[in-house]
There are 2 protein chains.
Amino acid sequence: MASDTKNRILDAAEQQFGDRGFAETSLRDITKKAHVNLAAVNYHFGSKEALLAAVLDRRLQPINERRLQLLDNLESQSGNEGPSLREIVRAFVSPPFEKQQEWGDTGQTFLRVLGRVHGETNDEFREVFMSEYELLYQRFTAALSRAVPHLGNADLTWRMMFMVGSMAFTMSWSKSIVLRDPTASLSANETIESLVTFASAGLAAEQPLEIPVETRRREVQ
Amino acid sequence: MASDTKNRILDAAEQQFGDRGFAETSLRDITKKAHVNLAAVNYHFGSKEALLAAVLDRRLQPINERRLQLLDNLESQSGNEGPSLREIVRAFVSPPFEKQQEWGDTGQTFLRVLGRVHGETNDEFREVFMSEYELLYQRFTAALSRAVPHLGNADLTWRMMFMVGSMAFTMSWSKSIVLRDPTASLSANETIESLVTFASAGLAAEQPLEIPVETRRREVQ
DNA sequence: GTCTATATGCGGATAGAC
DNA sequence: GTCTATCCGCATATAGAC
């Protein structure tokens, strides 16, 4: 069946892109792993780049829909003061990890793909990738700025970046961290709550107005 | 002069690796940009992979030395209670950004290279890269666990990962964030202090023991 | 140390039979 | 939709003259 071939290609591509990277993976690797013919990729997807886009879309769309759905729920159920910081952060952070569990083995490597993509700084790529996040960022920026009113716009932008960074890094590395330190193993739920705790506290923190010169001098020297 | 050629290659490679990625960059791109002969790369470095290692080493060694030096200073100047959390975090976070300033234009893209490298999950690559960090992590783990004694080992490991993630993401994206939102522009010092505030608060946060079931249910639905 | 020329292989993509 | 065979360019790396 056609859609079976398509899905096998998507699964194999996801695996390889996550483990070794986009440019480092050849279509021959993918089709071999998927047990399909080499020409099938171009027949079904058109090009290697389009295949990457399809790999991302398949998982990212449900993840981002879920984020917005959670935020909608929070906003419709909270009073005039709006949802709490922690709730908003959880709405943003948890969907990738929840979905990963839901998808089981084949979805497991997707978080690594996402982690890689977050580090991609190629200009054209950014344009395409970021435009998918436009709405998401607007909604969450608005919600967060209500929850943390003492932050200016610039500070909020930066702290959201810090939050995304901690999440992206966790997505790509969680498997290896666990391998290095077995005591550090956490379930998806524990990972989410740890991350939510960390990011919420970071977002809420008051910026010290100035660093005492004496202290600074001593440290820097 | 030989070392001039070598440095021009390193500069050009750094630029390309940062802008487009390792696999996406060809030696032809690099040598053309550096105005040196194609064969010079293999003469001076041996291989493309060895060139990447050289690009990383040139900047990473001073950065990590500086981190350890700052930590040494803090520990020798603090009493029995050890340095404060914020000071330790700053000792870890600030050196890449300080060095970036020091190095000016040619060092500018290096942070993007570093950001990419942090997202690299290839197994062999990790072994090599992580082994360079072994000592660094041991030292900072020990210092942090004194400063945040209420955290268990597992929690501390995870939160250090969150800290590294926010830092790595900031390194690779700071330029673009500024482009998207000019009000968000920060000097290196301001970036450092923002990041330090965020990570310190995140590390210090108390983990809520349990999430009220009612709240959780409402959110998840 | 620097250059030209080239070995050698792998890459994405496609034409065209079935 | 699936397959084989092939086009064609670009990749890293090196041999060998200067």
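Bear in mind the structure is a predicted one, so any value in this text is a computation, not a measurement. Sequence lines set the chain letters: A, B, ... in the order given, protein chains first and strands last, and positions in each chain run from 1.
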Item checked: Whole angstrom value for the distance that separates P of dT14(D) from NE2 of His44(B) ->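 In whole Å, dT14(D) P lies 15 Å from His44(B) NE2.
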
Checklist line | Whole-Å gap separating C1' (dC10(D)) and CD1 (Ile30(B)) | finding: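 Nearest whole value for this atom pair: 15 Å.
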
Check: Closer than 4.0 Å, any side-chain N/O of Thr5(B) to the OP1 or OP2 of dT2(C)?
Finding: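 Yes, Thr5(B) has a side-chain N/O under 4.0 Å of OP1/OP2 on dT2(C).
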
Next item on the list: Ignoring backbone atoms, establish whether Asn37(B) has a side-chain N or O less than 4.0 Å from OP1 or OP2 of dG1(C).
Entry: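 It does not, given that no N or O in the side chain of Asn37(B) lies less than 4.0 Å from OP1 or OP2 of dG1(C).
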
Notebook entry, point to check: Using a distance-only test with no angle check, is there a side-chain donor-acceptor pair under 3.5 angstrom linking Thr197(A) and Arg86(A)?
Noted result: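 The answer is yes; a qualifying pair exists.
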
Notebook entry, point to check: Which residue pairs pass the ring pair (Phe, Tyr, Trp, His ring centres under 6.0 Å) test when at least one of the two sits in residues 54-75 of chain A, sequence neighbours left out?
Noted result: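 Those involving residues 54-75 of chain A do not exist here.
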
Using a cutoff of under 3.5 Å, can you pull out all pairs of nitrogen or oxygen atoms linking the protein to nucleotides 11-18 of chain C, with atom names and distances?
residue: dG12(C); atom: OP1; partner: Leu27(A); partner atom: N; Å: 3.4
residue: dG12(C); atom: OP1; partner: Lys48(A); partner atom: NZ; Å: 3.2
residue: dG12(C); atom: OP2; partner: Leu27(A); partner atom: N; Å: 2.9
residue: dG12(C); atom: N7; partner: Arg28(A); partner atom: NH1; Å: 2.9
residue: dG12(C); atom: O6; partner: Arg28(A); partner atom: NH2; Å: 3.0
residue: dA13(C); atom: OP2; partner: Lys48(A); partner atom: N; Å: 3.0

Notebook entry, point to check: Got a sec, which residues hit ring pair (Phe, Tyr, Trp, His ring centres under 6.0 Å) with Tyr137(A), two or more places apart in sequence or on another chain?
Noted result: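 Tyr137(A) satisfies ring pair (Phe, Tyr, Trp, His ring centres under 6.0 Å) with Tyr133(A) only.
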
Next item on the list: Just jot down the ring pair (Phe, Tyr, Trp, His ring centres under 6.0 Å) partners of Phe140(A), sequence neighbours excluded, or say none.
Entry: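 Scan of Phe140(A) (ring pair (Phe, Tyr, Trp, His ring centres under 6.0 Å), adjacent residues dropped) gives Phe92(A).
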
Using a 3.5 Å cut-off and no angle test, enumerate the donor-acceptor pairs between side-chain atoms of residues 110-117 of chain A and protein atoms at least two apart in sequence or in another chain.
residue: Arg112(A); atom: NH2; partner: Asp19(A); partner atom: OD1; Å: 2.4
residue: Arg116(A); atom: NE; partner: Phe17(A); partner atom: O; Å: 3.2
residue: Arg116(A); atom: NE; partner: Gly18(A); partner atom: O; Å: 3.1
residue: Arg116(A); atom: NH1; partner: Glu120(B); partner atom: OE1; Å: 3.1
residue: Arg116(A); atom: NH1; partner: Glu120(B); partner atom: OE2; Å: 3.3
residue: Arg116(A); atom: NH2; partner: Gly18(A); partner atom: O; Å: 3.3
residue: Arg116(A); atom: NH2; partner: Asp19(A); partner atom: O; Å: 3.1
residue: Arg116(A); atom: NH2; partner: Glu120(B); partner atom: OE2; Å: 3.0
residue: Arg116(A); atom: NH2; partner: Thr121(B); partner atom: OG1; Å: 3.1

Note to self: Can you pull out every salt bridge (charged side-chain N to carboxylate O under 4.0 Å, His left out) where at least one residue sits in residues 24-39 of chain A? Sequence neighbours excluded, please.
What the structure shows: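 Found Arg20(A)-Asp29(A).
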
